[in-house]
Number of protein chains: 2
Amino acid sequence: MKQPIAFARTTFAHREAAEVKDGDLTGSEWRDVKNRLRRAGLRPTIQRVALGCILFGDGDRHVTAEMLYDAATRGKASVSLATVYNTLHQFTEAGLLREVTVDSTRTYFDTNNSVHHHFFIEDQNALLDIPASDVVVDPVPVPPEGYEIVRIEVVARLRRKKL
Amino acid sequence: MKQPIAFARTTFAHREAAEVKDGDLTGSEWRDVKNRLRRAGLRPTIQRVALGCILFGDGDRHVTAEMLYDAATRGKASVSLATVYNTLHQFTEAGLLREVTVDSTRTYFDTNNSVHHHFFIEDQNALLDIPASDVVVDPVPVPPEGYEIVRIEVVARLRRKKL
DNA sequence: TTAGATGCAAATGGTTTGCATGCGT
DNA sequence: ACGCATGCAAACCATTTGCATCTAA
């Protein structure tokens, strides 16, 4: 049931078991992430900045804790799994990430926090962004009395087409 | 983090910690469920029929394994938790149930297998049906080459409105 | 200096599995 | 009788937690 580590680049640029840049740990990106964290009210510790570089360094990503942990370990950054979990949740609370619920066995985090939806390829556990303009929910359902809609999520589950 | 057992009746008839009928274990319903299982290619064992009575006996329901297990135990039906899990999956495979992914910590099963979507009340872990006509996805996103859409799920996450 | 962050290992909790026993056909 | 189904307990695995240590400010 173990899936290959896959950092799916988004919006149709799908690739399995992709390599992940370690995030240019010495360059300007390190400084950028540091500032970004400070702006978000998070102390820019070594671990957070390292994870931030991986997450925000190269386009939109969909990661699980395990995937991020492996990517960090593969690079020079040594981070404990517990810290990866903490960091993912802190980033999410700070609005830097967004949680995506598509699989009841693990939690995905999306570095793209703009309005959009997802394809989920079930037999690969891979997520792809659907650009906001490609799917429209209209009408929007009316919530029951006393409740308001926080967010609407659309997930289109995919399977490989049969020949 | 333990939530009260809640069998949410669907479509705005929301209630917390609702009671569950044991399903009229001696009446005609027992026979009906038995036939239904047979038609679905499942051996109508005592446990499967008992769980079927609970699930299909009184309108649409959204259940987790734990909820169904408690309901069965509360009634006269004694079923092991493992069997509940097995049964839920077998029913799902047979098309009698549908899995709903809204919460990464547990799996919900929906007795309504017609086309519709869901509200999810985050702080109560409660699911409500959205009638198919109340939410329309249009346009439907175009899947990447070689893939086809299995199903589109819309989840509107709710929070209690602030005064 | 000190509040907050990290790492480790142990605990948690939903779900699955292995295997001996039971039941539907 | 045969083979699938059940029950139990142990195994699993993603995630969380407790606590001692470390570090950014």
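In what follows, every heavy atom counts, from backbone to side chain, and hydrogens, waters and symmetry copies are set aside. A note on names: the letters A, B, ... follow the listed sequences, proteins ahead of strands, and every chain is numbered from 1.
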Grab the [atom1]-[atom2] distance between [X] and [N] for me, whole Å please.
X: B:Asp70; N: C:dG13; atom1: CG; atom2: P; result: 15 Å
X: A:Arg106; N: D:dT16; atom1: CZ; atom2: C1'; result: 18 Å
X: A:Leu37; N: C:dG4; atom1: CG; atom2: C1'; result: 15 Å
X: B:Glu99; N: C:dT15; atom1: CD; atom2: C1'; result: 12 Å
X: B:Leu51; N: D:dA5; atom1: CG; atom2: C1'; result: 13 Å
X: B:Asp103; N: C:dG13; atom1: CG; atom2: P; result: 15 Å
X: B:Tyr69; N: D:dT6; atom1: OH; atom2: C1'; result: 13 Å
X: A:Leu88; N: D:dA14; atom1: CG; atom2: P; result: 14 Å

Can you tell me if A:Arg98 uses its side chain to pair, donor with acceptor, with the backbone of A:Ser114 under 3.5 Å?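 Checked: pair present.
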Regarding [X] and [Y], is there a side-chain donor-to-acceptor distance under 3.5 Å anywhere?
X: A:Thr107; Y: B:Ser104; answer: yes
X: B:Asp129; Y: B:His62; answer: yes
X: B:Asp134; Y: B:His117; answer: no

Over 60° means perpendicular and under 30° means parallel, so tell me whether B:Phe109 and B:His89 are parallel, tilted or perpendicular.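 Perpendicular, since the angle between the ring planes exceeds 60°.
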Counting the atoms with a prime plus P, OP1 and OP2 as sugar-phosphate, which does B:Thr107 contact under 4.0 Å by heavy atoms, base, sugar-phosphate, or nothing?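 Sugar-phosphate contact only - B:Thr107 comes under 4.0 Å of backbone atoms but never of a base.
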For a quick test of reading the model: is some side-chain N or O of [X] closer than 4.0 Å to OP1 or OP2 of [N]?
X: A:Thr105; N: D:dC13; result: no
X: A:Arg48; N: C:dA5; result: yes
X: A:His89; N: D:dT16; result: yes
X: B:Ser104; N: D:dA14; result: no
X: A:Tyr85; N: D:dT16; result: no

Presence of salt bridge, A:Glu148 and B:Arg159, under 4.0 angstrom: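 Yes, charged N to carboxylate O under 4.0 Å.
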Do B:Arg157 and A:Glu153 meet the salt-bridge criterion of a basic N to acidic O distance under 4.0 Å?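 A salt bridge links A:Glu153 with B:Arg157.
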Considering all heavy atoms, the nearest A:Thr64-A:Tyr108 contact: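 Minimum heavy-atom contact is CG2-CE2, 3.6 Å.
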Roughly how bent is the helix from C:dT1-D:dA25 to C:dT25-D:dA1 end to end, in steps of 10 degrees, with each end axis from five pairs?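 Angle reported: 30°, given to the nearest ten degrees.
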With side chains defined as the heavy atoms from C-beta onward, is the minimum distance between A:Leu51 and A:Leu88 less than 4.5 Å?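 A side-chain contact under 4.5 Å is absent here.
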Using a cut-off of 4.0 Å between protein heavy atoms and nucleotide atoms, how would you tag nucleotides 17-25 of chain C 5' to 3' with B, S and -? B------SS
